Each structure stands twice: as C-alpha cells, then as structure tokens.
Number of protein chains: 6
Amino acid sequence: MRIVVTNCNTTQEMTEEIVRGARAAAAPGTTVTGLTPGWGPASAEGWLDSYLSAAAVLDTLRTYDGPAYDAVVLAGFGEHGREGVRELVDVPVVDITEAAAHLACLLGRRYGVVTTLDRSCGQIEDSLETAGVARNCAAVVGTGLGVLDLAGDPGRTEAAFLTAAERARDAGAEVLVLGCAGMTGLQQAVGEKLGMPVVDGVAAAVKLAESLVTLGLTTSRAGGYQQPLPKERRWGRPARGADGA
Amino acid sequence: MRIVVTNCNTTQEMTEEIVRGARAAAAPGTTVTGLTPGWGPASAEGWLDSYLSAAAVLDTLRTYDGPAYDAVVLAGFGEHGREGVRELVDVPVVDITEAAAHLACLLGRRYGVVTTLDRSCGQIEDSLETAGVARNCAAVVGTGLGVLDLAGDPGRTEAAFLTAAERARDAGAEVLVLGCAGMTGLQQAVGEKLGMPVVDGVAAAVKLAESLVTLGLTTSRAGGYQQPLPKERRWGRPARGADGA
Amino acid sequence: MRIVVTNCNTTQEMTEEIVRGARAAAAPGTTVTGLTPGWGPASAEGWLDSYLSAAAVLDTLRTYDGPAYDAVVLAGFGEHGREGVRELVDVPVVDITEAAAHLACLLGRRYGVVTTLDRSCGQIEDSLETAGVARNCAAVVGTGLGVLDLAGDPGRTEAAFLTAAERARDAGAEVLVLGCAGMTGLQQAVGEKLGMPVVDGVAAAVKLAESLVTLGLTTSRAGGYQQPLPKERRWGRPARGADGA
Amino acid sequence: MRIVVTNCNTTQEMTEEIVRGARAAAAPGTTVTGLTPGWGPASAEGWLDSYLSAAAVLDTLRTYDGPAYDAVVLAGFGEHGREGVRELVDVPVVDITEAAAHLACLLGRRYGVVTTLDRSCGQIEDSLETAGVARNCAAVVGTGLGVLDLAGDPGRTEAAFLTAAERARDAGAEVLVLGCAGMTGLQQAVGEKLGMPVVDGVAAAVKLAESLVTLGLTTSRAGGYQQPLPKERRWGRPARGADGA
Amino acid sequence: MRIVVTNCNTTQEMTEEIVRGARAAAAPGTTVTGLTPGWGPASAEGWLDSYLSAAAVLDTLRTYDGPAYDAVVLAGFGEHGREGVRELVDVPVVDITEAAAHLACLLGRRYGVVTTLDRSCGQIEDSLETAGVARNCAAVVGTGLGVLDLAGDPGRTEAAFLTAAERARDAGAEVLVLGCAGMTGLQQAVGEKLGMPVVDGVAAAVKLAESLVTLGLTTSRAGGYQQPLPKERRWGRPARGADGA
Amino acid sequence: MRIVVTNCNTTQEMTEEIVRGARAAAAPGTTVTGLTPGWGPASAEGWLDSYLSAAAVLDTLRTYDGPAYDAVVLAGFGEHGREGVRELVDVPVVDITEAAAHLACLLGRRYGVVTTLDRSCGQIEDSLETAGVARNCAAVVGTGLGVLDLAGDPGRTEAAFLTAAERARDAGAEVLVLGCAGMTGLQQAVGEKLGMPVVDGVAAAVKLAESLVTLGLTTSRAGGYQQPLPKERRWGRPARGADGA
C-alpha cells in the first residue's frame with residue numbers, strides 16, 4: 001500500500017526527516033510518499049501558523065497528482081486540518097497527534113505530551129480533546145525549543161526534553177508522547193533514560209493507517225465528514241510570494 | 001470606535017448583510033467596516049471550507065491597509081480562525097459563535113443553536129467547547145438549508161428554522177442562537193413565534209467588542225496568544241484562480 | 001437607559017464604590033442607580049452570608065419603588081441569588097461573577113480569579129460552574145483579606161493580590177478576574193505589573209447589561225426562570241433588629 | 001439522639017407530614033423535632049422561593065432555643081441553604097436532595113428524580129451537581145403538580161408520578177428518587193407498580209444523619225465550611241407582615 | 001439484622017480486624033459475620049490481585065451456607081466485584097470505597113483518600129468514578145506502605161499517613177478517607193492531629209447497609225444488576241494449591 | 001510475531017471463531033494462538049460473569065506454557081481484566097473493547113456500540129470510560145440477544161443488529177462497533193446495509209497489537225501497571241467442578 005505523509009510546513013528537510021521516521025515504522029509492503037506544501041509557514045508554531053498550514057495541506061492534497069494512495073498521515077503535531085482532509089479524500093486519514101495518543105492509552109493509565117514551545121500546548125490540548133483522547137492525558141508540557149531548533153544541538157534538545165518529561169511524570173504520566181514531528185529521533189535515547197515508553201506520532205500514525213487500510217476501513221460519510229460540496233473556492237490570491245510576517 | 005467585521009466567505013452580498021446587522025447593533029459612535037476575503041470559499045459549509053476560510057480571513061486581516069480599527073468581529077458561525085486572529089492583531093477579537101453563546105448564557109439556563117446544514121453541527125459544538133461555553137448548550141440542530149439558500153425562500157427558511165428550534169427546545173433550550181451569520185433577519189420573526197429570546201451572533205459580537213474596547217481590555221499576550229513569530233510564510237501559491245472543487 | 005446595581009451587603013460605602021465603578025464603565029446615556037439592601041450581612045463572606053444576602057437583595061428589588069429601570073446588575077462576587085432575580089424582574093439580569101468570566105473567556109485561553117478569603121473560593125467555583133463558564137477557569141485563589149479589609153492598606157492589598165495572581169498564572173491563567181466588587185480600584189495597578197488583562201466584574205456586568213438592553217434581549221420565560229407563582233411569602237420576622245451572630 | 005428536621009416552607013401541615021416520615025425512618029433511640037420557619041414562602045417552587053427559604057431556614061436554626069440536637073436534616077428537595085447550615089451548626093447537616101442521591105447510587109447504576117413542577121428541575125440538577133452526586137443521575141423529571149397540590153387527589157398524583165417515572169426509566173434510571181418532601185407517602189404505592197426501588201429523601205437523610213452521629217463525624221472546619229465570621233447581620237426588615245407577591 | 005462483611009483477601013487476621021471495626025460501628029441489633037475467601041490473594045495490591053479477589057469473593061458468597069443475612073459489606077478498598085455481588089444476592093450490597101466517599105461528601109466540599117501503595121491509586125480513582133462519587137474527590141494519595149505492613153510499626157504507619165494526608169489537603173481535601181480496610185485503627189489518632197474528619201470505609205459501609213435494610217431498600221433488578229443467567233460456570237480449576245507467583 | 005488471543009469464556013467454538021477473525025486480520029508474519037480458559041463462565045453476560053472471567057483469563061495466561069508470544073489480545077468485549085494482564089505479562093496487551101473504540105475514533109466524529117444483552121451496556125460504558133475513549137461514544141445499544149444466541153439464526157441476528165444500529169445512529173453515531181467477539185461475521189453484511197464503517201474489536205486489537213510490537217512499545221512499568229508483587233495467591237478452591245449457578 002502507499003501512504004502519503006504530509007508535512008505541515010514548507011521546510012523540505014523536515015519532510016525528509018518525517019519520511020525517514022515513517023519508513024522506519026512502515027511494514028515491508030508499504031510505500032511512503034512525503035509531501036511538502038508549496039505554501040504555508042516554514043514551521044508551525046502557534047494558531048496563525050496552524051490555520052495557514054491547514055489550508056496549505058488541504059491544497060497540497062487537493063492538487064496532488066502523483067500515484068494513487070491508500071491512506072494519508074498528517075504529520076503536524078497539534079496542527080489543524082484533519083477533519084477537512086477526511087472530507088476531501090476517500091481513504092483513511094490519521095493525524096499524528098491523535099495517533100500517538102491512541103497508542104499511548106494502550107501502554108499506561110495516563111500519558112503526557114512533551115512539545116516544543118509553550119505556546120503550542122493549548123492547540124495540542126484542544127486537538128486531543130476533540131479527537132476524543134484527552135481523558136487520560138495527564139499533561140502537555142513545552143520544552144521552550146522552537147520546531148527548527150530541535151535539530152540544532154542534540155544535547156540541549158535532549159536535556160530540555162528530559163526536564164519537561166519529568167514535569168509530565170510528576171503530573172501522573174506513565175507514558176510519553178513526542179509532541180512534534182521533528183522529535184522522532186529522540187525516542188530511543190530518552191525512553192531508556194526515563195524508563196517509560198515513548199510514542200512517536202509519525203510512527204504511530206503509519207501503523208494506524210496501515211491497520212485501517214488492511215481492515216478495509218475508511219472515514220464515514222454518514223455524518224460530519226461528507227465530501228466537500230461543489231462550489232467556487234479560491235486557494236490563495238494571484239501572484240503572491242513569500243513574506244516575513 | 002471602528003470595528004472591522006470579516007465575512008468568512010467570498011460572497012460580497014453576504015458581507016453586506018452582515019454589515020447591516022452589525023450596524024443595527026452598534027452604538028452611535030461605532031463605525032463598522034466590512035471585509036470580504038479576496039480568496040477562500042463562496043460559503044463555508046464543512047471542515048474543508050472552514051480551514052480554507054480561516055487562512056483567507058487571516059490573510060485578509062494581515063494585508064488590510066485601511067483605517068486603524070479598535071476591534072475585530074469574526075462573522076463565520078462555527079468557523080475556525082479566532083485564535084489565530086488573536087495572535088495577529090493587538091485589538092480585541094470576538095467570534096460570533098462564542099459571542100452568541102456568552103449572551104445566551106445570561107438569558108436562560110440552557111441555550112440551543114439552530115444552524116444551516118447538519119454537517120456544520122460538529123464544528124459548532126467543537127467551537128463552543130473550546131471557547132469554554134458549551135456547558136449550557138442543550139443542542140445544536142441543523143435546518144437542512146445551505147448558507148446561500150437562506151435568502152431564497154423566506155417562508156421555507158422560517159419554517160425550517162421553527163422545526164429545528166422545536167427540537168432544540170425539546171432538548172432543554174430556553175434561549176435560541178442563530179447559527180449562521182446569514183440568519184440575522186430571522187431573529188424578530190421567529191422570536192415572537194417561539195416565545196423565546198433569539199440571539200444573533202453578529203449583533204452579540206459587536207456589543208461584546210464594543211464592551212472590551214470601552215473597558216480597555218484586549219487579548220492577553222501572557223500565554224497561548226502571543227504574536228506570531230517572525231518567519232517565512234507563503235499565503236497561497238502564485239497565479240491561482242478560482243476552481244470548482 | 002437605567003441600570004440598577006445592587007450591592008450584596010448593607011455597607012453603604014461599598015455601594016458607593018461599586019456605583020463609582022459602574023458609572024466609569026457605563027455608556028454616556030446610561031444612568032446607574034445603586035441599591036443597598038435594608039437588611040442582610042455587613043459583608044458577604046461565606047455561605048451563610050451569601051444566602052442571607054440573596055434573600056435581602058431579592059427583597060430590596062421586590063420592594064423597590066424608584067424610577068423604572070432597564071437592567072439589573074448584581075454586584076456580589078460569587079454570591080447567590082441571580083436566578084431568583086431573573087424570575088422576579090422582566091429586564092435582563094447580569095451577575096458580576098459570570099460577567100467577568102464571560103469577558104475573560106474572550107481575552108485568553110484560561111482565566112483565573114483572585115478573591116478575598118479562601119473560604120469564598122468554593123462559592124465562586126460553584127457559581128461559575130452553574131453559570132456555564134467554569135470550563136476555562138484555571139484557578140480561584142484567595143488573598144486572605146476580608147471584604148472590608150481591602151480598602152484598609154492599599155499596599156498590603158496590592159501585594160496580597162499579586163501573590164495570589166501568581167498562583168493563578170502558574171495554574172495556567174492568562175487573564176485575571178477581580179473576585180470581589182470591592183477590588184475595582186486594583187485593576188489598573190496590578191494589570192500593568194502582571195502584564196495580563198484584569199477584568200472587573202462590575203464594569204463587565206454593566207457592559208453586558210447595556211448590550212442586552214440595546215439588543216432588546218431579556219431573560220427567557222420558557223423554562224426555569226418563569227415568574228414567581230403568587231403565594232404567601234414572609235420576608236423576615238416582625239420587629240427584628242441587627243445582631244452580631 | 002435528637003435530629004432537627006427543618007421544613008423549607010411555612011406550611012405547618014407539611015412539617016407534620018415530613019416529621020411523620022422522619023419518625024418512621026428513625027432508629028428507636030432517635031428523637032425527631034420538626035421546625036417550621038417563622039417566615040419564608042408557603043411552598044418553595046422556583047429560585048426566588050428557594051433563596052428566601054434558605055435565609056428563613058438559617059434564621060430559624062440560628063434562633064432555635066429548644067433542646068440540644070445532634071444533627072440537622074434539611075427537608076427541602078432541591079432547595080438552597082445546606083452549605084450555610086454547615087457553617088452555622090457544629091453537628092452534621094444532611095440535605096434530603098443529596099441524601100436520596102447517595103442511597104440511590106448504592107441501589108442501581110443510574111437513578112432518576114421525579115419532582116413537582118418542571119421549573120424545579122434545574123435547581124435539583126444544580127444541587128446534585130454541587131453535592132458531587134450528579135454523575136449517575138439519568139434524569140430529573142417534573143410531574144407538573146405543585147408542592148401543595150400533591151396531597152389533593154392521590155390518584156392524580158400517583159398517575160402523574162408514574163408517567164414521569166417512565167420518562168426517567170427511558171432515560172436509563174434503574175432507581176427512583178422522590179423529588180419533594182411532600183411525596184413521602186408515594187413510595188410504597190409506586191415502588192411496586194414500577195418494579196424499581198424508590199428512595200425518599202427525608203428517610204434517607206435521617207439514616208445518614210444517624211450514621212454520621214453514631215460514627216462521631218461532623219462537618220469539616222478545615223476549608224469552606226468554617227464558622228460564620230462575627231459581624232453585623234440583619235435578618236429581615238422591622239415590622240414586616242406577609243404579602244402575596 | 002445480620003450483615004456479612006467479606007474480606008477481599010485470605011488473611012484471617014485482617015478479617016478479624018475488619019470485623020472488629022464493623023462491630024464497633026454497628027447498631028445494637030446488628031450481627032456482623034466476617035467472611036474470609038477460601039482462595040484469592042493474601043492481600044490485594046494491584047489489578048491482578050483485585051480481579052482474583054473479586055472472583056474469590058463472589059465464590060465465597062455464592063457458596064455461603066451460614067445463617068441468612070440482610071446485607072453485604074465488601075471490605076476491599078478500591079477492589080473490584082461490587083456489581084457482581086449486586087447481581088448475585090437479593091440484599092443490599094455496600095462497598096467500603098463508595099461508602100466512605102458518600103459520607104465524606106456530606107462532611108466537606110472536597111475529600112481526599114489516603115491509601116497504601118501508589119499502585120492502588122488508579123483502581124481507587126476508577127472505583128470512585130464508576131460509583132458516581134468522584135466529582136468531589138480532590139486526590140488519592142499513596143503512603144508507600146503495603147497492606148500487610150500497616151500493622152507492623154504504628155509510628156511509621158501514622159507518620160506515612162500524615163505525610164500523605166497533607167498532600168491531599170494541599171490538593172483541596174477538607175475530609176479524609178482511610179483508603180484501606182486495614183487502616184481502621186488510624187482514624188482517631190490522625191483525625192485529631194489533622195483537624196479534619198476521617199472516614200473509615202468499613203464503618204461507613206456498615207451504617208449505609210443498616211440504613212438500606214431499615215428502609216426496605218435493595219438493589220434494583222430493573223437494569224444492569226439482574227440476577228446472573230443460569231449457565232455453566234467453573235470457579236477455579238480442580239486440585240489447585242497456593243503458589244507464590 | 002506471535003499473538004495470543006484469549007477468549008473470555010470456556011466455549012471452545014467461540015474461541016475458534018475468534019481465532020478465525022484474528023487470523024483474517026493478521027499480517028502475513030503473525031501467528032495467532034487462541035486460548036480458552038480452563039474455568040470461568042460458558043459465556044460472559046453480566047458483571048458476575050465478567051469478574052469470574054477476568055480471574056480465569058489471568059490464570060490461563062499465568063499458567064500458559066506454550067511458545068513465547070509477543071502480544072496478548074483480550075477477546076471479551078466489555079469484560080474485565082485488562083489492567084491485571086498488563087501487570088502480569090511483559091508484552092503489549094490490547095483489549096478488543098478499547099481497540100475497536102480507538103479505530104472508530106479515527107473514522108468519524110462519534111461512534112456507537114451494538115452489543116448483545118442490554119445488561120452488558122453498563123460494563124461496556126465503564127470499560128470505554130476508564131480506557132479513555134468514551135468521549136466520542138454516542139451510544140451503547142443492546143440487541144437483546146445472548147452471546148451464544150448470535151450464531152443461531154443469522155437472519156434474526158442481523159435484523160436485531162440493524163435495529164440497534166439505527167438507534168445508535170439516531171444518537172449521533174457515524175461509525176459502528178461490534179460489541180461482542182461473536183459478532184465478527186456480521187461486519188460485512190451490516191456495513192453495506194448501513195452505509196457506515198463497522199469496526200470489529202478482534203480485528204482492531206490484532207492490528208493494534210501488531211503495531212505496538214513492531215514499534216517496540218510495551219506497557220509502562222512506571223506507574224499503576226507494575227509487576228504483581230510476590231505473595232501467596234490461590235486460584236480457585238481444590239477439587240471443584242462445574243455447576244449451574
């Protein structure tokens with residue numbers, strides 16, 4: 001089967017890292033195709049970025065013209081858009097936020113999320129709530145590091161993660177979730193130091209997407225996730241380039 | 001004071017209707033400026049539309065170059081984007097969804113929302129939940145009419161609204177909320193027939209925006225709604241026109 | 001329009017301070033009339049006081065024979081009675097507890113309340129819960145100061161407030177609510193020191209009352225807030241004076 | 001031991017009926033003393049009545065000068081005041097609303113409450129919520145009968161109760177609670193017809209009060225229910241008689 | 001009346017201690033019969049023990065052939081099985097977990113539970129939640145002592161209890177619950193030191209059981225707690241002895 | 001990898017049916033081993049059965065001496081025991097109840113469960129709640145058919161399922177969950193008729209178990225699910241046979 005994994009930002013290096021993580025998790029017969037939105041934010045850090053990212057990801061999937069695929073993985077932790085993609089495509093859609101939480105619930109009584117900036121915690125909380133998996137979330141804790149800073153100094157990143165993880169554990173977490181697609185590499189290192197399972201959302205989402213495809217299950221059209229109605233839609237204004245605001 | 005009221009879709013007629021409603025509610029010294037996004041959906045009906053609308057509204061406000069304003073009213077009922085706008089601008093931001101609910105809570109023990117298509121109910125429920133005002137919402141009920149159909153046959157619209165309102169009342173609602181910016185005209189007619197107060201979100205949001213401005217209150221920067229970080233962002237791809245998908 | 005603002009206790013000085021705050025918030029055409037109950041507690045601090053206050057406020061409004069008014073503001077933070085007043089009068093009724101919370105929800109993701117004695121926290125929590133606005137309340141924190149002590153030593157009051165506010169912020173609050181009608185004067189001083197918006201309930205309630213009146217909205221009679229049934233009621237025993245218990 | 005049972009209204013016949021029910025439930029060594037407030041409403045039906053009743057009951061207990069007692073039972077179903085009485089007296093205080101719910105939770109997975117007028121349902125819901133026992137309440141249903149109408153036509157009362165009970169059962173109730181102190185006589189008749197346990201709040205409260213006294217337990221002074229602070233309080237205006245409003 | 005009190009483990013000494021506590025709480029006319037399961041764990045500490053204990057307790061009651069009894073008290077704090085016993089017997093069934101919580105709710109606004117090992121906290125939380133009394137539980141805190149260690153060094157046990165109790169109080173508890181049947185002796189000593197009421201589940205359950213019996217109330221058969229269906233059931237494998245795993 | 005799938009009852013035919021379903025869902029490299037408890041109920045229908053089943057399943061896994069396995073699937077829908085198995089074994093444990101709910105959450109906004117007897121609904125609700133996935137469950141509905149009746153008359157079973165499914169849909173379900181391991185065969189037939197995705201718990205659990213194994217994740221030992229403490233435990237009384245009670 002083919003799974004399309006969409007980065008939520010325009011940074012190609014991050015797509016590549018996400019695709020590496022997805023491929024490491026995928027079953028032998030699964031092909032992973034990474035997509036980088038042609039527009040949107042260079043990194044998604046906050047609500048404005050998240051809404052911009054959601055539209056860009058939708059546009060990217062809407063105009064995708066590559067080989068047919070069997071499932072979509074949305075690789076923006078805590079970012080918006082998953083319900084819109086469920087309307088758009090006929091294959092299963094799994095968001096890494098919910099995916100990590102679903103698996104974490106199976107591994108302990110309470111889980112905690114460690115993410116990048118504190119400002120992202122609220123989005124993640126809301127995303128878990130509406131996905132229906134917030135009940136057993138003990139805490140969402142920020143490390144103070146930006147999305148694109150994660151790769152900079154591995155030691156600093158790991159130390160910041162461990163500090164935040166301890167706060168989550170004190171709040172009752174027995175399992176940790178990596179709260180950013182760019183944290184995938186941290187899983188092994190910190191898991192051993194913490195003595196707790198650490199769930200990576202990209203890997204979790206790939207496995208859940210494969211599961212749904214294998215079982216022949218896809219999004220219900222019987223309620224809120226019907227196909228978008230045919231109408232005029234404009235996806236951005238003509239002749240626009242990048243800007244720094 | 002000047003309040004900018006943003007339509008969530010590209011339909012100019014609807015902006016005009018919203019502005020009429022806003023002006024009817026505004027205090028003598030308040031100037032209402034309507035904004036129609038230069039891109040996005042012709043009407044917002046469902047999640048894909050809502051996320052596209054959120055980005056378009058953000059872009060519209062980001063690139064706005066008219067006279068300075070004191071508050072923003074977001075006139076898309078149940079649509080996304082309000083937290084992003086709170087990051088973007090330094091003035092108070094009021095979304096008509098939450099605004100109607102806030103006032104409705106003051107008028108009865110439980111309120112109900114009557115909206116357009118059933119597919120919109122879920123978004124509204126989530127929007128009320130994250131805004132912190134879902135606790136006293138008895139029901140969100142659809143009329144089966146699309147956003148742009150509301151104006152078509154006033155008799156049919158009113159009948160559909162009354163039928164839906166009865167379902168909300170049976171679920172415990174003592175107050176009704178008009179669940180679409182395009183329903184503003186219905187308020188008086190159905191209020192009398194139902195014997196219940198009917199709250200229009202546009203009017204409610206204008207009054208709440210005026211209240212915040214008068215009291216010198218604006219969005220907190222102390223937590224999740226900090227200003228967007230400076231970074232590269234692309235707001236749509238170059239040279240794109242409208243399409244019908 | 002005329003708004004009647006009822007103090008919840010018999011201390012005339014506090015009524016005057018509340019009225020000053022209400023007038024400062026009111027629109028040019030709004031007349032504020034303060035009412036001091038003819039009986040009840042000298043200050044409301046705890047459940048017994050609160051229930052006594054509720055009956056006294058109801059009696060005060062029931063026997064009011066001044067000029068007609070358009071709305072009632074109940075100026076006892078966390079005190080009981082609002083639903084009874086909604087039954088009694090035909091105009092909108094806004095309680096300062098709920099009013100502050102409604103506006104605070106518009107200004108940040110979570111708000112906190114700073115109040116007088118710790119023993120008042122529980123009443124406030126219940127009042128926010130039943131008003132439907134507790135979901136986004138991060139904490140209700142006491143300063144340890146009694147209602148009538150607030151005015152005594154401004155420096156001590158401000159210091160106590162700031163200490164309590166920090167606890168609320170640590171619990172996640174991004175916006176603060178002044179949890180006592182007698183705290184109105186603190187708003188500006190502490191807002192700047194804390195870098196957070198500070199909402200005063202009296203001011204908030206005045207704006208919400210004006211909003212409802214302007215929009216022609218009043219309490220629903222369709223459910224729980226019907227007019228009191230005609231029956232024999234005795235409002236206190238004959239020939240009773242004050243006592244110190 | 002001696003238990004004081006306070007009626008919530010001024011109707012002496014109802015006090016007598018409540019006392020009969022309390023005595024039927026009491027252990028051999030328990031003396032039941034009924035108290036009728038010297039002021040307040042003739043019956044408590046709605047929020048205004050409830051707040052008036054709360055102050056009158058507090059005043060009645062405050063000025064009580066009979067023999068010492070070991071516990072207080074508050075016999076107003078869904079009425080306010082229990083937290084204030086907990087501040088006032090040093091013995092255990094049990095409200096019939098919470099008492100019935102506590103026992104009902106032990107008898108089935110979900111319970112339902114059948115009460116008098118529909119307008120009382122909201123108060124009961126709030127009372128159960130703040131007492132901490134609403135989680136397993138499936139429904140609160142009104143019979144449409146007023147408090148003082150219950151005794152009028154036993155056949156009509158029973159029929160109205162059975163109709164309401166069926167609605168509660170359809171909502172999931174496996175146990176019923178009599179939602180008015182004046183319904184005590186119905187317990188046996190309707191229990192058999194419904195094939196469900198029926199809990200009377202007065203009887204339940206007497207047993208819980210006896211239990212607490214026997215175990216040497218009384219209200220905690222460690223938090224919200226501290227003794228009322230000494231201060232000036234006026235319990236009603238001088239020289240007031242009854243009125244019909 | 002006769003109340004059967006079932007220990008949840010096979011340790012006879014603990015049954016005796018529980019029976020002593022039950023008898024101290026019982027009314028003069030109440031006979032307490034202790035039952036020790038013939039199989040199961042020597043102490044219940046964790047989920048595996050709890051499920052084993054539930055089956056053993058059910059088997060013990062199923063095969064009981066002593067004098068008829070009027071109620072069952074299940075004396076395993078936080079242990080499973082109560083719903084099954086409600087199906088099995090025709091008399092009221094009270095679990096000490098829920099019993100302590102029910103009485104604690106009457107004594108303060110929030111209660112806390114102090115239990116043995118930290119690993120037991122989760123079970124207790126779930127047990128309170130499904131019993132419908134978790135809403136006012138501020139915290140469940142472990143002492144770090146095992147069930148059978150409680151009796152070892154009274155000073156150490158009391159000190160550990162006091163430390164845990166302070167954590168519960170800091171979380172808002174105004175009343176304490178002894179979270180293990182083996183803690184019964186602690187009640188008086190720590191209650192005075194803490195200045196808070198301390199509720200023992202065994203005593204609470206005895207009083208609640210007596211109350212239900214006196215009122216003629218027993219488990220509803222109208223919903224989930226119908227009698228077990230007749231079918232083949234095997235209660236353990238032939239010829240099994242004890243083991244140490 | 002090898003997955004052990006445990007039936008919750010002693011009916012060998014049902015184990016075989018479950019194993020067939022598990023194998024149909026398993027990946028090529030997965031070996032499925034079915035286990036039938038040597039004791040327990042012939043079918044699990046109600047709380048007593050469920051607790052007996054939990055102990056029997058734990059005993060079966062505890063004394064298992066077959067080839068090593070990589071994960072356990074617990075195939076009793078709504079039955080107890082999963083937390084105990086998580087303590088007992090070092091490999092991932094997935095219960096079919098939670099598994100079906102986790103996948104259902106990915107397919108629609110709300111899901112519903114259709115199960116056998118009405119008496120089982122409560123257990124399922126509690127199981128979903130404590131697993132952390134009840135938030136998006138719209139309804140749990142019984143068909144009125146016993147576990148062992150499902151196979152009897154396929155037409156009757158399908159009709160009863162469809163009737164119950166419509167009730168779930170009316171309550172808001174967009175996805176259905178088969179609420180019994182013995183319903184596996186129904187999935188395809190009813191899915192088409194209903195136009196909704198239908199999730200089978202056995203298949204879901206196999207895929208989730210495979211996912212966890214592939215990702216190297218297993219139950220956290222950092223909190224509530226530590227290994228059982230060494231102590232004396234007796235798993236049933238000596239020399240017991242089957243009986244019909």
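Letters A, B, ... are given to chains in the order of the sequence lines, protein chains preceding strands, and every chain is numbered from 1. Keep in mind the model is a prediction, meaning the values are calculated, not measured.
Contacts between D:R86 and chain E at a heavy-atom distance below 4.5 Å involve the side chain alone, from C-beta outward. Residue E:E129 touches chain D through both its backbone and its side chain, counting heavy-atom pairs closer than 4.5 Å. Looking at D:L212, the atoms closer than 4.5 Å to chain E (heavy atoms on both sides) all sit in the side chain, from C-beta outward. Interface residue D:A131: only backbone heavy atoms are found under 4.5 Å from chain E. Contact of D:T218 with chain E is made through the backbone alone, with heavy-atom distances under 4.5 Å.
Under a 3.5 Å cut-off, the side chain of D:R221 and the backbone N or O of D:E87 do form a donor-acceptor pair.
From E:T97, atom OG1 reaches atom CG of E:D126 across 11.5 Å, with rounding to the nearest 0.5 Å. Atom CZ in D:F161 sits 9.5 Å away from atom OG1 in D:T115 (nearest 0.5 Å). In this structure, OG in D:S211 is found 9.5 Å from CG in E:L106, a value given to the nearest 0.5 Å. If you take CG on E:N136 and CZ on E:R110, they are separated by 4.5 Å, rounding to the nearest 0.5 Å. Interatomic distance, CG of D:N7 versus CD1 of D:I18, reported as 4.0 Å (0.5 Å rounding).
The most heavy-atom pairs under 4.5 Å with chain D, out of E:M196, E:E210, E:R135, come from E:R135. Annotation: maximal heavy-atom pairing with chain E below 4.5 Å, among D:A24, D:G132, D:A27, occurs at D:G132. Ranking E:V133, E:V175, E:T214 against chain D, the residue ahead of the rest is E:T214, based on heavy-atom pairs under 4.5 Å. Most heavy-atom pairs under 4.5 Å with chain E: of the set D:E174, D:Q187, D:R82, this distinction falls to D:E174. Contact count against chain D (heavy-atom pairs under 4.5 Å) is highest for E:P197 among E:C137, E:P197, E:P28, E:G108. Note: E:L208 leads E:L208, E:V94, E:V206, E:L194 in heavy-atom pairs under 4.5 Å with chain D.
Put simply, the side chain of E:M14 reaches to within 4.5 Å of the side chain of E:V147, judged on heavy atoms.
Counting non-hydrogen atoms of neighbouring residues, nucleotides and ligands closer than 6.0 angstrom, the CD atom of E:Q188 reaches no more than 12 such neighbours.
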